[in-house]
Amino acid sequence: MSLASLQEAIERAPRGSQCRKDLLRLLDAMSAGEEGTKSEGVLKSVLDLRRIGSQLEEMEAIARQSTEEPDALQKKRLERAPTVVLDPGHGGNEYGATSEGLRESHLALELAKRAREMLREMNPEIEVYLTRDGDYRVSLEQRAELANAAGADVFVSIHLNDAKGEIRRGGVTTFVLDASNDARLLERAARENGISIEEVSELSLLLASFDRGARVSASLRLAESLQRSTLRGGRSVLPHLHDRGVRRAAFQVLIGAKMPAVLLEASFLNVPEEREALRTERYKRALARGITRGILDYLYPAE
Ligand SMILES: [Zn+2]
């Protein structure tokens with residue numbers, strides 16, 4: 001079974017059904033597999049189970065019924081619990097930023113796991129998935145595909161920043177996808193994407209033709225909520241944490257995602273004050289709480 005057909009099956013599966021849970025577990029298994037072939041193997045054996053086969057038939061029947069009752073389907077969609085996908089950046093032999101024994105890939109995973117716990121605690125109905133829950137490599141395309149397959153309402157890629165040379169102020173930045181010709185932004189995008197600046201530049205040109213409709217404005221709302229809340233969380237420990245604001249850049253991991261998607265740089269690894277704070281439970285918990293609240297504020301805006 002390919003990722004695409006798994007994605008289709010999940011999209012068809014009724015929310016909250018055992019079948020959907022099984023399919024999402026498969027998705028987890030896929031993201032946990034180090035090799036594509038291994039994941040395919042896991043998928044195949046589980047999908048061979050007759051139980052899932054019969055549930056798929058049931059799903060088809062429900063899907064047919066649903067097209068006959070569009071009002072009921074719409075109602076169901078509005079009432080369903082949201083799905084959140086958290087994407088810890090880098091992993092495996094891709095460390096991301098490093099500074100004095102700290103590794104971006106480790107910290108991003110830690111923040112994502114904490115945020116997952118907090119989201120589940122604050123709203124047990126929310127489905128939360130990580131694109132990786134261990135220290136292994138996942139391709140940028142696969143991260144976005146996993147979010148699409150999970151039918152995510154929100155995609156948050158979690159990173160830690162660094163800067164070349166001496167930097168006076170670090171801080172929190174949230175990025176939304178956009179074409180950018182700013183040299184420094186292109187450089188950062190090249191590093192996060194693992195490609196050359198020239199390639200990012202080409203990517204930017206491609207992006208210029210992308211739609212800037214509803215998804216972009218939803219991504220901006222998500223970014224603003226996440227930025228505000230992560231900053232508030234961080235400032236509970238570092239009162240002068242700098243607000244670098246919401247910015248636009250050509251991050252490849254955001255391109256494939258079909259839902260509102262943002263990339264958070266939660267702090268700077270090479271700013272001494274932030275690096276030392278990142279070694280403490282208190283700061284990591286504060287950032288994770290900020291990420292959690294930012295997502296919840298976006299999903300449930302105050303009326
Ligand atoms: Zn990164």
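Starting from 1, each residue takes its place in the sequence as its number. In each ligand, atom 1 is the first atom listed, and ligand 1 is the first ligand listed.
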Taking all atoms of both residues into account, what is the closest heavy-atom pair of V138 and T131, and its distance?
CG2-O, 3.8 Å

Give me the atom names and distance for the closest heavy-atom approach of S219 to P260.
OG-CA, 3.4 Å

Looking at Q252 and L140, would you say the former's side chain and the latter's main chain have a donor-acceptor pair under 3.5 Å?
no

Does one side chain, of S236 or Y283, offer a donor that lies under 3.5 Å from an acceptor on the other?
no

List for me each residue that meets side-chain hydrogen bond (donor to acceptor under 3.5 Å, both in side chains) alongside S229, sequence neighbours excluded, and say none if there are none.
none

Within the 3.5 Å criterion, strictly below it, is a donor on R275 or S99 matched to an acceptor on the partner's side chain?
yes

Distance below 2.8 Å from the Zn ion (ligand 1): protein N/O/S atoms:
H90 NE2, E104 OE2, H159 ND1, E192 OE1, E192 OE2

